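Below is one structure, written out as structure tokens, with a few remarks after it.
Reminder, nothing fancy here: chain letters follow the sequence lines and each chain counts from 1. Just so it is clear, the values below take in all heavy atoms, side chains as well, and ignore hydrogens, waters and symmetry mates. Note that this is a predicted model, so its numbers are computed, not measured.
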Protein chains: 4
Amino acid sequence: MAKKTGEKYQAIIDAAVRVIAKHGYHNSQVSRIAREAKVADGTIYLYFENKDDILISVFNEKMGQFIETCRERISTAGTIQEKLYILIHAHLSQLSQNPEFAIVTQIELRQSNEKISKGIGEVLKTYLTLIDGIIEEGIAEGIFHEELDVRMARKMIYGTIDETVTSWVMKQCKYDLISLVEPIHNLFLYGLVRR
Amino acid sequence: MAKKTGEKYQAIIDAAVRVIAKHGYHNSQVSRIAREAKVADGTIYLYFENKDDILISVFNEKMGQFIETCRERISTAGTIQEKLYILIHAHLSQLSQNPEFAIVTQIELRQSNEKISKGIGEVLKTYLTLIDGIIEEGIAEGIFHEELDVRMARKMIYGTIDETVTSWVMKQCKYDLISLVEPIHNLFLYGLVRR
Amino acid sequence: MAKKTGEKYQAIIDAAVRVIAKHGYHNSQVSRIAREAKVADGTIYLYFENKDDILISVFNEKMGQFIETCRERISTAGTIQEKLYILIHAHLSQLSQNPEFAIVTQIELRQSNEKISKGIGEVLKTYLTLIDGIIEEGIAEGIFHEELDVRMARKMIYGTIDETVTSWVMKQCKYDLISLVEPIHNLFLYGLVRR
Amino acid sequence: MAKKTGEKYQAIIDAAVRVIAKHGYHNSQVSRIAREAKVADGTIYLYFENKDDILISVFNEKMGQFIETCRERISTAGTIQEKLYILIHAHLSQLSQNPEFAIVTQIELRQSNEKISKGIGEVLKTYLTLIDGIIEEGIAEGIFHEELDVRMARKMIYGTIDETVTSWVMKQCKYDLISLVEPIHNLFLYGLVRR
DNA sequence: CATGAATGAGTGTTCATTCAT
DNA sequence: AATGAATGAACACTCATTCAT
């Protein structure tokens, strides 16, 4: 029914990101996205089931690329510590370079409804699995604590980075996000306590 | 104009938490909250400016108590490590005992609009300041790394705990949250890397 | 049920005129009138059947005095021409001295509903009858055209004066109303055509 | 945004006149007008900004034609006296033939709010200017008193005719309005006093 | 494929009125 | 007589979705 390809499909996805970033989720009417994408309102429904589907697709498309980029970069790393470093860096640098998308993921998409949350959850899982992989490898290599709770460690990593980006967006993306990679990396590896 | 005391005020606040937790923010009509609180629709507006004000008040009232409890418990602790432990424990145990409120804070309130976000931000700041205090004290006592970036460390602590609670709520609050206090505490103190 | 005397009755009437003149009919809530009269909302209903009754009573009370004043002044006049002059003068001077009441009669009360219109009609009739008396006397005395249609002449007199006051109110009561008595009088007596 | 043409636009305008004339301004809900016009509630908002805009448009559309008709007919007249006669006749005959519109202009539109009054004022001014033209011409031709106050004379003419129509509407449009043209004309030209 | 005019369900808020005290 | 907290009916407007062209 809804065909998920074609240049109009992409145009709508891109328009949606721009509109949501600019006007906020609650002011992103279908007709506004249509206008921004220079298509008719009805055309939207040739490519998307409904409004939620636009939002979910936006996230999937963009997040898909995001994760792929992370995975590729990590694969170039040597040590576990480097992989973790690259993960943090890839996450922050990508959002840093695309503040509009950052606004959408950190703020606007969380203001949406349950159905969207679920749709998003699916893709996020892939990302979390990527993090899990690094942690498990670290344990297997004897670098990380062997009794580490993988899911817990993942929550620390994801939760910390996510909170960092949210703070940055809330502060109008005014400061340099990349400079935080190093301190985050250190916190993850060695924690708060001095030796 | 809107008087923020009285038993009806409390009844509405409590009804709002129940209704939002059960039906979600977007299905929490004023009339539904009124019915749940056993008052007339119009009565709501004797105690609250508007719908947003209900949400903000819910958060302020409940979060106010939450923070106070955290602060009190922390003041009983001896070492910095204990204080951090108690913070994590207080946070998780309180939400653990009130899953309805947890749902509201972790999911529903983030789906609200800008005005609500602002109202919430104020109170949250108090909590973050509480965390900052612990970190600064840890540095001053020479227990934490002296070059620690306080705001970054705070983001790790808050981000990790927040993500932990969100995960728990998303998984229907099925598992024991308190058992996570210990691993979180260890992660915060010593990080991922084995010595 | 509603007792129409007492100092609170008067206080409410006066408060209503002030509130309506200042905030307009559609912004004159019962509670606002009550506050202005320094009585409780419920007290209003000890003196008035309902909101419409306040409005009607305002008009009756004030218009009653208005008509009485007109009648008294006219009785002092000698000729018919003088009586007509005095009528115009009494009408314009009274409203001129009380712009608040003028606003209420010319603008606000006409924005009210059917029931109020009817209540007002009753009192107005008394005024129109007063005008009729002058016209009939004029005809009887052979001063006015004998074939004059009394009701039509009355409509001219009332319609012209009323339109004059409305214009003046719409123009913020900025100019002198009394100076119009003379030209109106001339128009009534001799019409437009030169002899 | 609101496109002010098309058959649905006309249908809504006409429905509004019927509904308001029948049920009164305060009982003319948008949904009622929509039902009468056989369109959906939302369709109203494709053609009108808001409810007030319907009322204003009703007046402008109908009053526009009204004024145009008056102007055309007057242009066929010879003497000033004839022009005045035709003005009165055109005014009364048009409303006489459309009692529904008469009810709306004389009663219901005056019960509306300030914004509507303003919208209406604009068009009315055109009509008053038309009257002014006749008076000025009468003075220039030496037929009317040279010291005539044009604005005052206009108020007499408009006020008298307006009051005449209002009376007629209040009396359920039961008697013949046209038969009043002659006496009104005489009053305007020669006033009350016999020569 | 594409259009965009038309649809109509859904809801926060006001305020005249009541009545227990 | 007086109060004022509580009531609940009423309504304009938005916007996701459809479908005839």
Do D:Asp41 and D:Arg32 meet the salt-bridge criterion of a basic N to acidic O distance under 4.0 Å? no

Residue-level proximity of residues 20-33 of chain D to DNA chain E when a heavy atom falls under 4.0 Å: none

Between B:Lys51 (side chain only) and B:Ser28 (backbone N and O only), is there a donor and an acceptor less than 3.5 Å apart? yes

Tell me which nucleotide among F:dA6, E:dT13, E:dA16 gets nearest to the side chain of C:Tyr45. E:dA16

Do the ring planes of C:Phe48 and C:Tyr9 sit parallel (below 30°), tilted (30 to 60°) or perpendicular (above 60°)? parallel

Here's a test of your reading of the structure: between C:Asp52 and D:Lys3, which maps to the more 5' nucleotide of DNA chain E? D:Lys3

Once you apply a heavy-atom cut-off of 4.0 Å, does B:Tyr47 come out as touching a base, just sugar-phosphate, or nothing? sugar-phosphate

Determine whether a donor-acceptor pair (N or O, by modelled atom type, separation under 3.5 Å) exists between the side chain of C:Glu108 and the backbone of C:Tyr25. yes

What about the rings of A:Phe66 and A:Phe101, do their centers lie closer together than 6.0 Å? no

Tell me, what's DNA chain F's dot-bracket, Watson-Crick or G-U with both distances under 3.5 Å, | for other-strand, [ ] crossing? .||||||||||||||||||||

Has the side chain of B:Gln172 got a donor or acceptor atom that lies under 3.5 Å from a matching backbone atom of B:Met170? yes

Assert: residue with more 5' nearest nucleotide on DNA chain E, out of A:Gly42 and B:Asn50, is A:Gly42

Kindly compute the distance separating CD (C:Gln29) from CZ (C:Arg35), expressed to the nearest 0.5 Å. 8.5 Å

Among F:dC13, E:dA2, F:dA2, which nucleotide has an atom closest to any side-chain atom of C:Thr43? F:dA2

